[in-house]
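As structure tokens, the structure follows; a few thoughts come after it.
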Amino acid sequence: MKVFKFGGASLESVERIRQVAQIVQAFPDEKLLIVISAMAKTTNELEKVAENFFLRKREIAAQLLYNVEQSHLNVAEVLLGNRQHPVFIQLQQFFTEAEWTLGEKPMRQYDYYYDQLVGLGELLSTAIVSAYFNSIGLANTWLDVRDVFRTDDNFRDANIDWAYTQRQVTEKVAPLFDTLNIVITQGFIGSTDQNESVTLGREGSDYSAAVFANMLDAENQTIWKDVEGLKNADPKLFPNTVNIPEISYGEVIEMAYYGAQVIHPKTIKPLQNKQIPLLVKCFLDKNLPGTVIKETADVKRLPPIIVLKKNQVLLNITSKDYSFITEDKISDIYEIFHGLKVKINLMQNGAINFSCCIDNNPEKIELLIKTLHQQFKIVYNEGLELLTVRYYQTGLLEELSNGHTVLLEQRSPATIQRLWKK
Ligand code: ASP
Ligand code: MG
């Protein structure tokens with residue numbers, strides 16, 4: 001059994017969906033659990049539907065939903081040849097459910113409505129791909145992952161109930177392979193015990209696939225992307241990037257932690273725990289070697305790994321009355337950050353101050369400042385970038401830093417981080 005994950009870029013157009021089918025056809029004797037995310041930028045469009053609904057701009061929300069509906073119906077029609085196929089009834093049901101949500105008065109928190117609306121993208125894409133695959137002889141069954149992935153009600157970042165979900169996978173998903181080779185299901189979504197839809201965090205389909213791989217004891221998991229494999233830096237930001245043929249779980253988790261947008265950070269743990277290799281491969285050319293992520297990989301063969309996080313803010317928190325910022329105060333500060341779900345990307349402390357770098361989220365920063373300013377003086381600096389280089393070499397570092405004013409720096413033998421202003 002293998003787990004495949006196809007993301008939005010691989011479903012961007014009819015041609016790409018056909019390419020996905022060709023990849024799957026290249027594994028004729030394999031049992032495949034295929035996790036699919038929403039097509040192209042659908043999730044972003046649905047986020048706008050949710051925002052407008054919550055702001056009670058119902059007509060705009062309905063119009064945006066209609067656009068999503070039409071584009072999906074068109075893709076399905078081209079792939080299936082007409083609109084008579086039963087999948088159109090299924091698609092209509094999904095739209096009707098979303099329209100019902102739009103008809104409600106928003107009485108609950110935003111994140112709840114977000115999850116009821118935004119997960120639609122995955123339901124649509126999987127239904128279309130499943131119907132198309134069946135129509136070209138790739139016999140498969142469509143699975144509603146919300147019947148399998150049970151979570152808590154931490155909307156937009158729901159946590160999987162591992163024991164319950166494992167039971168569902170063993171009892172409901174594994175037996176599907178007795179009669180079929182392919183099961184197609186959604187990434188990114190799940191459901192609470194009240195049957196409310198949830199999402200697992202943006203880009204969460206990689207993680208969904210890893211949960212399945214773990215629970216089905218898969219031989220490996222492949223993430224099919226539009227790039228060659230994992231690179232040592234984002235090619236959109238840096239010239240001369242190189243492909244990494246082999247890398248350890250630990251290294252990838254660090255890269256993701258520092259902000260590399262390669263793989264969802266939660267993906268590694270379920271795979272590492274069962275020693276399931278993760279392959280990153282290019283769906284445009286499946287013969288390219290790609291990257292293998294596994295327990296041990298030769299660190300000496302790794303190039304310097306560069307991650308740049310943009311739109312950062314430096315917060316300087318200083319005690320007003322000159323009292324020391326020691327463990328007790330730091331724990332208060334962390335409590336506040338934790339309460340507001342603000343992640344600290346880099347921190348440093350001195351006698352009476354604490355500096356940290358966080359993503360620029362104006363609403364959260366305003367709340368942070370409001371809460372902190374009773375005890376502390378706050379100065380903040382925005383428009384910054386956080387550079388992280390693993391296995392750095394001095395020449396490269398100076399080249400990268402050229403023309404920037406460094407505001408904070410931290411280094412260990414393996415890693416350097418510089419927060420700078422352009
Ligand atoms: N469609 C979701 C997103 O764009 C999940 C994913 O792509 O993994 O965030
Ligand atoms: Mg996506």
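Counting starts at 1 for both ligands and their atoms, following the listed order. Because the structure is predicted, anything quoted here is derived from the model rather than measured. Excluded from the calculations below are hydrogen atoms, water molecules and symmetry mates; all remaining heavy atoms, backbone and side chain alike, are included. Start at 1 with the first residue, then count along the sequence.
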Minimum heavy-atom distance between Phe53 and Leu117, given as atom pair plus value: CD2-CD1, 4.2 Å

Should you measure from each heavy atom of Ala38, which atoms of ligand 1 turn up under 4.0 Å away? 1 (N)

So which of Tyr207, Phe6, Phe188 gets nearest to atom 5 (C) of ligand 1, if we judge by its closest heavy atom? Phe188

Pick one of side chain, backbone, both or neither for how Ser37 approaches ligand 1, counting any non-hydrogen atom pair under 4.0 Å. side chain

I'd like the name of whichever of Lys41, His264, Glu47, Arg202 reaches closest to atom 4 (O) of ligand 1 through any heavy atom. Arg202

Review item, side-chain donor-acceptor pairs of residues 8-17, under 3.5 Å, at least two apart:
| residue | atom | partner | partner atom | Å |
| --- | --- | --- | --- | --- |
| Ser10 | OG | Gly7 | N | 3.3 |
| Ser10 | OG | Gly7 | O | 2.6 |
| Ser13 | OG | Arg16 | N | 3.2 |
| Arg16 | NH1 | Ala9 | O | 3.0 |

Is ligand 1 less than 4.0 angstrom away from at least one heavy atom of Gly187? no

Is it the case that the side chain of Ser208 and the backbone of Phe188 share a donor-acceptor pair, with hydrogens and angles ignored and the cut-off at 3.5 Å? yes

Is it true that a side-chain atom of Lys281 and a backbone atom of Leu288 form a donor plus acceptor pair closer than 3.5 Å? yes

Is it the case that ligand 1 has an N or O less than 3.5 angstrom from some N or O of Asp206? no

Just to verify, what does Asn316 make a side-chain hydrogen bond (donor to acceptor under 3.5 Å, both in side chains) with, not counting sequence neighbours? Ser355

Measuring centre to centre across the rings, with the benzene-like ring taken for any Trp, is Phe376 within less than 6.0 Å of Phe354? no

Would you check whether Lys5 has a nitrogen or oxygen atom less than 3.5 angstrom from a nitrogen or oxygen atom of ligand 1? no

